[in-house]
Amino acid sequence: ERLDWLSVAFLLGAVLLCYYLVPLVSLVVAQPPGAVLDRLTTPDVTAAVRTSVLTAAVSTALATVFGLPLAYWLARTEGRRSALVTALVVLPLVLPPIVSGMVLLTVVGPNTLLGSAATAVGVPLTRSVVGVVLAQTFVASPFVVVTAKAAVESVDRSLEYASRSLGKSRWTTFRRVTLPIAWPGILAGVTLGFARAIGEFGATIMLAYYPRTMPVQIWVSFTTRGLDEAFPIAVVLLGVAVATLVVIN
Amino acid sequence: ERLDWLSVAFLLGAVLLCYYLVPLVSLVVAQPPGAVLDRLTTPDVTAAVRTSVLTAAVSTALATVFGLPLAYWLARTEGRRSALVTALVVLPLVLPPIVSGMVLLTVVGPNTLLGSAATAVGVPLTRSVVGVVLAQTFVASPFVVVTAKAAVESVDRSLEYASRSLGKSRWTTFRRVTLPIAWPGILAGVTLGFARAIGEFGATIMLAYYPRTMPVQIWVSFTTRGLDEAFPIAVVLLGVAVATLVVIN
Amino acid sequence: MLELTALTKSYPGFEFGPVDLSVERGVLSVLGPSGSGKSTLLSLVAGIVSPDGGEVTLDGRSLVGRPLEARRVGVVFQEGALFPHMTARENVEYAATGRDRVDELAGMLEIEGVLDRRPAALSGGERQRVALARTLAADPDTLLLDEPLSSLDTPIRRRLRDQLHDLFASLDIPVVYVTHDQRAATVLGDRLAVLHAGQVEQVDTPDAVLNRPESAFVARFTGSENVFEAGVVEARGDGAVLRVGDVTLQTTARVAVGTTVTACVRPARVRLVTRDAAPTVPTLTGRVRRTLNEGDEYRMTVACGDWEVTAQVRPEAVDRRDVRPGTTVRLAVPADAVHVIATR
Amino acid sequence: MLELTALTKSYPGFEFGPVDLSVERGVLSVLGPSGSGKSTLLSLVAGIVSPDGGEVTLDGRSLVGRPLEARRVGVVFQEGALFPHMTARENVEYAATGRDRVDELAGMLEIEGVLDRRPAALSGGERQRVALARTLAADPDTLLLDEPLSSLDTPIRRRLRDQLHDLFASLDIPVVYVTHDQRAATVLGDRLAVLHAGQVEQVDTPDAVLNRPESAFVARFTGSENVFEAGVVEARGDGAVLRVGDVTLQTTARVAVGTTVTACVRPARVRLVTRDAAPTVPTLTGRVRRTLNEGDEYRMTVACGDWEVTAQVRPEAVDRRDVRPGTTVRLAVPADAVHVIATR
C-alpha cells in the first residue's frame with residue numbers, strides 16, 4: 001500500500017514535468033533551425049529585439065537603483081509599517097499584468113493630466129519607448145525588491161553589528177560586508193527582473209502597442225501572419241529564459 | 001555625509017513606492033463606484049467572471065494535485081538530478097507568458113496531432129475552456145510547486161526521522177507531521193497559483209481568445225470600446241490580488 | 001571604567017533591569033541561565049538596542065544614543081561573526097590601523113598559520129581567536145565577550161580559556177565576559193555578577209559568590225546543590241546549630257534560635273568519613289542513594305533521614321565499598337561550609 | 001543486543017569506520033569531538049543513512065536495508081525534535097500504544113504538569129524529557145540518545161543527568177548515549193567508546209579509558225591534560241623511572257630502559273605538597289605559571305624545568321600562598337598515576 005502511494009505521487013509529478021518539458025522541446029524542434037535563423041534578420045524582428053533589449057535594460061536599471069534601498073530597508077526593519085510596505089511591493093507581483101497596464105493608463109494615459117503634459121513637452125508616456133519602460137518597471141521591479149530583500153535578510157545581522165562595532169559606518173558596512181555577501185541573491189533578483197521585463201506583455205500592450213517589443217511582435221505576427229512568423233522571437237525569448245536560469249543558479 | 005546617503009536611499013525607495021501606490025489608488029478613484037457597479041452586471045462581464053473563476057479553480061486544483069508530490073520530492077532530494085528538475089520547474093516561471101502560449105500551441109494547437117485528435121472527439125484544446133485551463137496550468141503551477149517546495153524544506157527533517165523511528169510509515173509521517181507544519185506555506189503557494197491563473201493573459205490569449213477570461217475581456221473592451229468598459233473587471237481583479245495578499249500573510 | 005546605571009529595557013514578556021554594574025580595569029563575568037538577559041545586557045552596552053531608561057558610560061562619556069560605530073566598544077560575538085567572504089587576515093585588517101598591528105595580534109593569539117584561510121575553513125577555536133584579534137585590532141575602550149567558549153570541545157575550550165585568562169591580564173580596559181558556564185565565569189572573572197530574570201542577583205568576587213550566595217537561585221546556579229530549609233535550635237558563641245528533619249548541622253553563621261533559615265552547602269565541602277576513622281568530628285549517617293562516577297570524582301547522593309545531601313568526593317579519598325548504592329556511610333559537614341542564605 | 005560490525009560510510013572529506021561495537025543490556029557512551037562521526041554512527045543505526053558496508057544487528061536480526069519505521073530503534077534527537085503543532089501529550093500519544101502508557105511515562109519522567117503545553121512553551125529540560133517519553137512510548141528494542149544534555153543550563157543538566165542515570169538502570173534494552181562531554185559519558189555509560197576521525201580509538205569501562213588511555217588523543221580528550229614524551233632511564237621490579245627534560249618521574253608501567261615512551265598524568269592525580277610537609281615522597285620542584293580558580297578547585301600550571309605540568313588541587317588542601325603565580329612549589333606525582341600510552 002505504501003508503495004502504491006509512492007507510485008501515484010511519482011506518476012503525478014512526472015506528468016507535470018512532461019507538461020513543462022514537451023512543449024519546450026516542441027518549440028525548438030517544430031521548425032528547421034535554418035528557417036528560424038533566416039527570419040531572425042527580418043526588419044520587424046531586429047527592431048523588436050532592439051526595442052526589447054533597450055527598454056528591459058533601462059527598466060532593470062531603474063528597478064535596481066530605486067529598488068535596492070527599499071529592499072535593504074524592508075530586510076532590516078520589523079513591525080507593522082514594514083509589513084504594510086512589503087504588501088504594497090508584492091501587490092504589483094500578484095496583480096494581473098493587463099490590470100497593471102490599466103492602472104498605469106489611469107495615471108499616464110494620453111487623456112490624463114500627466115500624460116497630456118508630457119506629450120506637450122514632447123515625451124509621450126504611451127505609444128513610446130518611455131511607455132514600454134514605465135510598464136516594464138511597474139511589473140518587473142517588485143521581483144528585484146523581493147529577491148534582494150531575501151538576499152539581505154540572509155546576511156546575519158551580527159555581521160553588520162560586528163562591522164559597526166569595529167568603528168565602520170553604516171555605508172562602509174553595507175558596501176564591504178552586506179553587499180558582497182548578499183551579492184549572489186541580488187544578482188539573481190536583477191536577472192529575474194530583466195527576464196520579467198523583457199517578457200512583459202500584458203501591461204506593455206496596454207501602454208505601448210508601438211514601438212513593438214518582442215512579446216508584442218509575437219502577438220502581432222501571430223494574429224496577422226500566423227504562428228510561423230513568431231518563431232524566431234519565441235526562440236530568442238526562450239534563450240533569455242534559459243540564460244536567466246543559468247545566472248540565478 | 002552619512003545622512004545624505006541615507007536620505008537619498010530613502011528618497012529612491014519612496015519614489016518607487018509611490019509608483020506602485022498612485023496608479024492603484026487612481027484605478028479605484030478614477031471612476032465613480034456606482035458606474036463601476038452598474039457595468040459589473042453586463043452579460044460580457046458576468047460571463048468573463050464565470051469563465052475565469054471556473055478555469056482558475058480547475059487549473060489551481062490540477063496544479064496542486066500534480067504539483068504537491070513534485071514539491072515534496074524536490075524538497076527532500078539533493079544532488080544534480082533534483083537541481084535539474086527544479087530548473088525545469090522554474091523555466092515556465094521565467095518564460096514570457098506569450099511564449100508559453102506559443103510553445104503550448106506547438107503541442108495542442110489545432111494543426112497538431114494532439115490538437116486535431118482532441119477536436120475530432122469533441123474536446124478542442126484551443127478556443128475552449130480546456131484551452132484556458134491548459135494555459136493557466138502551465139503558467140501557474142510552477143508557483144505552486146516552488147512555494148510548496150520551500151514550505152516542505154522549512155520542515156526540519158529530523159521531525160520526519162523522529163516520526164518514522166516511532167514506527168510510523170512515510171505516508172502517516174507526511175499526513176500527520178510534514179503536511180500540518182508546511183500547511184501555511186502550501187496554502188500560500190496555492191493562493192499565489194490561483195492569483196496567477198486568474199490573471200493569466202499572454203498564454204491564454206494565444207490558446208483561447210474565446211471563451212473570454214477576465215484579462216482577455218479587459219483587452220477586448222479596451223480595444224473595442226475604450227478604457228471605461230474595462231474598469232469593473234480590473235477592479236474585480238485588483239480585489240482578487242488584495243485578497244491573495246491577505247491570505248499569504 | 002564602564003558603568004551601567006539603572007539600565008532598563010522591556011520586551012513583550014521580559015523585563016530587563018533596572019541593572020547597575022560597573023567595571024574598572026579587570027574582568028567582570030556575567031553569569032546567568034539562558035533567558036536571564038545576558039544578551040540584552042551586551043546589546044545595550046554595544047548599542048545594538050536602545051535602553052528604555054538608564055545610562056551607560058565608558059570612561060565618563062555617555063554611550064546612550066550614540067551609534068555602534070562611535071562607541072569604541074569591542075564585541076566578540078558568540079560564533080565569532082567573522083565576515084565569511086574575507087580571509088582571517090582580511091577580517092583582522094578590516095578593523096586594524098596598520099599591517100604591523102595585524103601581525104602583532106596574530107602572534108599574540110597564535111593564528112599566524114591560518115591567516116590566509118576563510119572562516120569556513122577554520123576550527124571553532126581558531127574562529128574565536130581570529131574574532132578576538134579582529135576586535136582588539138580596532139583598539140576598543142572596553143571589551144565584551146558573548147560566550148566565546150560555548151561551542152568548543154573540552155580540550156580546545158580549556159586551552160582557549162587559559163589563553164583568555166592570560167590575555168585579559170595583559171589588557172588594561174574593562175572586560176565583560178558573558179557566559180552560562182560557572183567554571184568559565186569563575187576562572188576568568190575578577191568579579192562575578194549573577195543575572196536572573198533580567199536582574200543582577202549578586203555581584204562580588206567569584207569566591208564570595210560561590211561560597212556566600214545571597215539567594216537560593218545564586219546558590220543553585222553556582223553549584224551549591226544542597227539548598228535546604230532548617231530550623232535554628234541552638235545559638236553558640238561561634239555560630240549556631242541547625243536542624244534539617246532529624247539531622248543536626250553546625251554553622252558558623254550567627255542566627256537567632258527559633259528562626260527558620262535557608263542554607264546551602266557545596267557538594268565539594270561534604271566529606272565522606274572513612275570506615276576506620278575515629279569519630280572525632282560530628283558526623284551524619286545516611287544511606288547512599290546514587291553514585292555517579294565523574295572520572296576524577298564521585299558525586300554521591302546520600303539520604304540522611306529525610307534530608308538528601310549531595311557530596312562530591314575524590315576516589316582516592318574514599319573506600320570503594322562506601323560508594324555503592326545502599327551502603328550506610330558517615331558524612332562530615334564542616335561548620336564553615338554551611339552558609340545561611342536567608343532568615344525568616 | 002545491538003551489534004555493529006565493520007560498519008563503513010564515506011562522505012566527501014570524511015571516512016567513517018570500519019567500526020565494530022556491541023552493546024548488550026546497559027549503556028554504551030560514545031564520546032568524541034565534533035566531526036568525529038558521532039552523528040554518522042547514530043544515523044547509521046537509526047536508518048537515516050545507509051552504510052557503504054558492514055552490518056548492524058539488533059537482537060540477531062539485521063537492520064541494514066530496513067526502513068526507519070521497521071527497525072524498532074528509538075532515537076532521542078539533539079533538540080528533542082518534538083512535533084511543534086502538537087502538545088506534549090499529543091507528542092507522546094503519537095507514539096504510544098495506550099493512554100495508560102502515556103500517563104505512566106509522564107509520571108516516570110515528571111512531565112505531568114506540562115502535558116498540555118506546546119513544545120515552544122516548554123523549557124529545554126522539559127522538552128528533552130517529553131522527547132524521551134515519546135521515544136519510550138513506542139517501546140523500542142534499543143535506545144539512542146544524541147547529546148540530550150548539551151543545550152541545557154548546568155543545574156537542569158545535572159538534574160536530568162541524574163534522572164537519565166536512574167532511568168537507564170531500569171531499562172533492559174541496549175542504550176547508546178552519544179556526547180562530546182566527558183563527564184556525562186563517564187557518569188552514564190557502563191562502557192565508554194572514544195570516537196576520533198570516524199574510528200573507535202578505545203572501548204572499555206569509563207575508569208579504564210580515563211586512567212589507562214590507549215592513545216594520546218584519548219588521553220587528552222578524556223582529561224589527561226599532561227601528555228608527554230619521556231625516556232626510560234631505569235627499570236625496577238615495580239615499574240620504571242622516566243625522565244622528562246630534567247625531571248624524574250616514577251611509573252608502575254614495566255617498560256624497557258632506553259626506550260622513549262608517551263605517557264600521561266591526570267591533573268587530579270598531581271598533588272601539591274604543603275610547605276611544612278616532610279619530604280617522604282619523591283617530589284618535583286617548579287614555579288607556578290598560572291592558577292585558575294574553578295570554584296571547587298584550583299587548576300595550576302607549574303613549570304618544572306622545561307616540563308609544564310597541570311595540577312588540579314582542592315583549595316582546602318593547599319596553602320593559599322602556594323597558588324600565586326611565581327611561587328616555587330613542590331609537587332608529588334604517584335607512580336600509579338603515570339600511565340604509559342605507547343613505547344617506541
Side-chain angles (χ1 to χ4, degrees), chain C residues 31-36 123-124 150-156 158-159 161-162 165-166 169 180-189 205-207 209-211 217 220-223 225 266-269 271 289-299 301 310 312 314-317 325 334 337, chain D residues 31-36 123-124 150-156 158-159 161-162 165-166 169 180-189 205-207 209-211 217 220-223 225 266-269 271 289-299 301 310 312 314-317 325 334 337:
Chain C
L31 175 69
S34 42
S36 60
S123 72
S150 66
S151 59
L152 307 178
D153 287 317
T154 313
I156 294 156
R158 214 169 249 156
R159 181 152 161 58
R161 197 184 63 179
D162 291 359
H165 177 267
D166 297 354
H180 70 278
D181 174 13
Q182 174 248 300
R183 271 164 201 264
T186 315
V187 163
L188 295 173
T205 63
D207 270 333
V209 174
L210 263 60
N211 295 309
F217 173 80
R220 286 206 186 85
F221 201 75
T222 57
E225 285 168 67
R266 294 187 74 80
R269 300 297 306 277
R271 260 190 324 113
R289 290 277 305 267
R290 178 198 295 128
T291 297
L292 304 183
N293 178 357
E294 289 196 335
D296 291 323
E297 57 220 8
Y298 291 126
R299 185 168 292 267
T301 309
T310 300
Q312 177 184 313
R314 285 257 172 127
E316 63 268 27
Chain D
L31 176 68
S34 42
S36 60
S123 72
S150 67
S151 59
L152 306 179
D153 288 318
T154 313
I156 295 155
R158 215 169 249 155
R159 179 151 163 58
R161 198 184 63 179
D162 290 358
H165 178 267
D166 297 353
H180 69 279
D181 174 13
Q182 174 248 301
R183 271 164 200 263
T186 315
V187 163
L188 295 173
T205 64
D207 271 332
V209 174
L210 264 60
N211 295 309
F217 173 81
R220 286 205 185 86
F221 201 74
T222 57
E225 285 168 67
R266 294 187 74 79
R269 300 298 306 277
R271 257 188 327 111
R289 289 278 303 267
R290 180 197 295 127
T291 298
L292 304 183
N293 178 358
E294 289 195 336
D296 291 322
E297 57 220 8
Y298 291 126
R299 184 167 292 267
T301 309
T310 299
Q312 177 185 313
R314 285 258 173 127
E316 61 269 26

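Per chain, numbering begins at 1; letters A, B, ... match sequence-line order.
Counting heavy-atom pairs closer than 4.5 Å to chain D, the top-ranked of the candidates C:His165, C:Arg183, C:Arg269, C:Arg290 is C:Arg290. In terms of non-hydrogen atom pairs under 4.5 Å with chain D, the most contact-rich of C:Thr154, C:Asp207, C:Ile156, C:Leu188 is C:Asp207. When C:Leu152, C:Asp296, C:Leu210 are compared by the number of non-hydrogen pairs under 4.5 Å with chain D, C:Asp296 comes out ahead. Contact tally against chain C (heavy-atom pairs below 4.5 Å) for D:Asp162, D:Asp181, D:Asp166: the top residue is D:Asp162. Of the residues considered (C:Arg220, C:Arg299, C:Gln182), C:Arg299 shows the highest number of contacts with chain D, using heavy-atom pairs under 4.5 Å.
Taking each heavy atom of C:Pro33 and D:Asp153 in turn, the nearest pair found is CB-OD2, 3.1 Å.
In this structure, chain D has a heavy atom under 4.5 Å from the side chain of C:Arg158, while its backbone stays farther away. Residue C:Ser150: no heavy atom, backbone or side chain, is found under 4.5 Å from chain D. Proximity to chain C (any heavy atom under 4.5 Å) is restricted, for D:Glu225, to the side chain, taken from C-beta onward. Only the side chain of C:Arg266 comes within contact range of chain D, with at least one heavy atom under 4.5 Å from a heavy atom of that chain. Proximity to chain C (any heavy atom under 4.5 Å) is shown, for D:Asn211, by neither the backbone nor the side chain.
By the side-chain hydrogen bond (donor to acceptor under 3.5 Å, both in side chains) test, D:Thr222 pairs with no residue at all, sequence neighbours left out. Residues satisfying the side-chain hydrogen bond (donor to acceptor under 3.5 Å, both in side chains) test with D:His180, not counting sequence neighbours, are D:Glu147.
Under a cut-off of 6.0 angstrom, the local environment of CZ in C:Arg271 is sparse, with at most 12 non-hydrogen atoms contributed by other residues, nucleotides or ligands. With a 6.0 Å radius and a threshold of 12 heavy atoms from other residues, nucleotides or ligands, C:Arg159 has its CZ atom at or below the threshold. Under a cut-off of 6.0 angstrom, the local environment of CZ in D:Arg289 is sparse, with at most 12 non-hydrogen atoms contributed by other residues, nucleotides or ligands.
To the nearest 0.5 Å, atoms CG (D:Asn293) and OH (D:Tyr298) are separated by 5.0 Å.
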